[in-house]
Number of protein chains: 2
Amino acid sequence: MLSLHQLRCFLATFEHGSLTGAADALGYAQPSVSEQIRALEKAVGAQLFRRVGRGVVPTTVADELRPHAERTLGAADEALRAVRAAARLETGTIRFGMFGTARLYAGADLVADVLERHPGVRVELVGQNSTEVFDELRRGRLEAAMIAVPSVSSDAMTVTPVARDELVYVSADPEHVSSPVTAHRLAQASLVMAEATWAAEDSTRIVLRRMLQETGRNPRSRIEVEDVETAVELVGRGLADSVIPRGVVDQLLPRLAPGAGWTSLRPRQYDTLAIVHRANATLSPAARLMIELATQRIVALTERY
Amino acid sequence: MLSLHQLRCFLATFEHGSLTGAADALGYAQPSVSEQIRALEKAVGAQLFRRVGRGVVPTTVADELRPHAERTLGAADEALRAVRAAARLETGTIRFGMFGTARLYAGADLVADVLERHPGVRVELVGQNSTEVFDELRRGRLEAAMIAVPSVSSDAMTVTPVARDELVYVSADPEHVSSPVTAHRLAQASLVMAEATWAAEDSTRIVLRRMLQETGRNPRSRIEVEDVETAVELVGRGLADSVIPRGVVDQLLPRLAPGAGWTSLRPRQYDTLAIVHRANATLSPAARLMIELATQRIVALTERY
DNA sequence: GGCTGCCCAAGGTCTGACCTAGGAGTGTGA
DNA sequence: TCACACTCCTAGGTCAGACCTTGGGCAGCC
């Protein structure tokens, strides 16, 4: 069986024209190199050197092999170099999970933070929705993520809360936000909710459903849209009200719904922002980096309230 | 230390998403593959797979490694393929030594013979002069050769005579070739001799010198030229006479010296055409091929006389 | 909750990669 | 021409590691 070690010995021997010289250069005893060459000759099925009194002389078959040996060793070196660079976060890809709305107020800054410290890397922020991200984590396709969880609990996952974000009621009608919104009023509201695809599992809705269960009603939305931006824009046009995280309010309301206002729910409701990864997993440097930077960003944004 | 074996296991695991699957595909037990992956991870200094309940999932570092691993294994395969093809005489170079005049009457045909049987190979017929070729052989740069030797004898070389070629006297003056030329007449002749560079060691001259030693004279040439063609042409113009192998007479006289004639020496003198290679050397298929074909050609040409 | 499938860990065998020591051949210099 | 220097090979011994089998733990599925 062919091996890189044999090729290394072959090249050294070829260049020195001598097994002893090659052995010295490689730091081995001469018989060791001799053995490798013999093994290589057996592997390729042809004599590579003529043993001629003083030293050895490559055959034409050796001439043929040499460029291929160099290419092979070069490719192996390159592989090692590339992987080490990736492991040191000099190149390669950093993949991190993040749910849709969190990405709205921390995503771009987080990516900027990473790129500043590690200019060579690619960054992938994956996941539109918390539960989707959660699933990727369970399957191991994702190492760690920042997600919004209504209740902090899991068995196979380690969930580390880093901040909480209040869910607030937004509306273009000043009367709707003149005082905190109770469960009763919420049940009657005409709402637009984002993340249509994942409606049933969306974290915000789970919170709302739990709130409304006390009144014996089911939460109903009048409009379903895919992204929060659209939802906020619809609120701005006065077509519906919505419930969104407080952080998103600061980020989107001035731009997309300048006339709208907001108020708390009563009782106040919160999404918990947490770092999640598989239990018993040792985290890679890349994951640790992302967790640290994401936490800093989220905490800085949410502790102002 | 990185090894091809590790890369093979890595790729199989990557593709199957499972150590067991990779082990089955490679024909190993699962713990063996597991061990290789662990060794590879240690070698590159990064985790390549997350062990996640059912199966394993490649990390982004593994994504980075994969194309390099494929390139490396591909290059190794290519190396093996190229060398095996060269060893089977499908590609690569065949190098064979041949002295100047022999090449004149067998060279082109010999090359044609080789190319007909092995269309993919390159052919190198090296050596202008017998002694030069002999030296290349001693140094191992050449595996085997057909050379002209005045006397068949050597210590470190195996010399196998395959034919002999008579040395004949050629002249444009019919009177000079009307009867066999004795040593006495030869000593007085005005001669043109080829292979000026190697004058002292040229095989033909050694024969002549030995012949003339009996008369107590030294051979003297009036003209020295590099190649036999020029010598024959000068003979054709009547500027000098010469002594050349009989085979060359048939080949060159009609074309380069149409008016010239030839006669034997008295006593007759011969160059021995022999296959030479280092003693105790096992010959490669390429060398055996060249020896066989060259012998056939030379024998076919010389046995007519 | 049992079953299956997958991984790791432990322990044993055997190949092969390495060493040292000694013998044979060749080229060089006295 | 002889001895020395240099190269290669062979022989025999050590040790790492590549492979195996067996058994245990954990996740996902019926």
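Fair warning: this is a prediction, and the values are worked out from it, not measured in the lab. Order of the sequence lines fixes the chain letters, A, B, ..., with proteins taken first and strands second; residue numbering starts at 1 for each chain.
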Taking only N and O in the side chain of [X], is any of them less than 4.0 Å away from OP1 or OP2 of [N]?
| X | N | answer |
| --- | --- | --- |
| His5(B) | dC19(D) | yes |
| Arg51(B) | dC6(C) | no |
| Ser18(B) | dG5(C) | no |
| Thr20(A) | dC6(D) | no |
| Ser34(A) | dC8(D) | no |

message: Once hydrogens and angles are ignored, does a donor-acceptor distance under 3.5 Å link the base of dC8(D) to the side chain of Gln30(A)?
response: no
- prompt: What is the ring orientation for His5(A) with Tyr28(A), classed by angle as parallel under 30°, tilted 30 to 60°, or perpendicular over 60°?
  reply: perpendicular
Atom [atom1] of [X] and atom [atom2] of [N]: how far apart are they, to the nearest Å?
| X | N | atom1 | atom2 | result |
| --- | --- | --- | --- | --- |
| Gln6(B) | dG17(D) | CD | P | 11 Å |
| Gln36(A) | dC9(D) | CD | C1' | 16 Å |
| Glu41(A) | dC9(D) | CD | C1' | 13 Å |
| Leu2(A) | dA17(C) | CG | P | 12 Å |
| Leu4(B) | dA18(D) | CG | C1' | 15 Å |
| Met157(B) | dT26(C) | CE | C1' | 12 Å |
| Ile37(A) | dC18(C) | CD1 | C1' | 15 Å |
| Tyr28(B) | dG17(D) | OH | C1' | 13 Å |

Flag, side chain of Thr13(A) to backbone of Cys9(A), donor-acceptor distance under 3.5 Å: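 Yes, because the side chain of Thr13(A) sits within donor-acceptor range (under 3.5 Å) of the backbone of Cys9(A).
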message: Quick check for you: among dC19(C), dC20(D), dC8(C), whose closest atom lies nearest to any side-chain atom of Leu19(B)?
response: dC8(C)
- prompt: NA contact type, Gly140(B), heavy-atom cut-off 4.0 Å: base, sugar-phosphate, or nothing?
  reply: nothing
message: Applying a 4.0 Å non-hydrogen cut-off, can you work out what Glu35(B) is touching in the nucleic acid: base, sugar-phosphate, or nothing?
response: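 Base, at least one base atom sits under 4.0 Å.
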message: Return whichever of Pro31(B) or Val52(A) has its heavy-atom-nearest nucleotide of DNA chain C closer to the 5' end.
response: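 By nearest-heavy-atom nucleotide position, the 5'-most residue is Pro31(B).
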field: Along DNA chain D (nearest heavy atom to each residue), the more 5'-positioned of Arg38(A) and Gly55(A)
entry: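 Its nucleotide being nearer the 5' end, the pick is Gly55(A).
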field: Arg278(A) or Ser32(B), whichever maps to the more 5' nucleotide of DNA chain D
entry: Ser32(B)
message: Walk me through whether Val61(B) and Gln47(B) qualify under side-chain contact (heavy atoms from CB on, under 4.5 Å).
response: CA-CA 7 Å; Val61(B) 178; Gln47(B) 196 181 12; over 6 Å; no
- prompt: Taking all non-hydrogen atoms of both residues, which atom of Leu110(B) and which atom of Ala294(B) are closest, and how far apart?
  reply: CD1-N, 3.5 Å
query: Do you know which two heavy atoms are closest between Arg84(B) and Val44(A), and how far apart they sit?
result: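 Heavy atoms of Arg84(B) and Val44(A) come nearest at CG-O, 3.6 Å.
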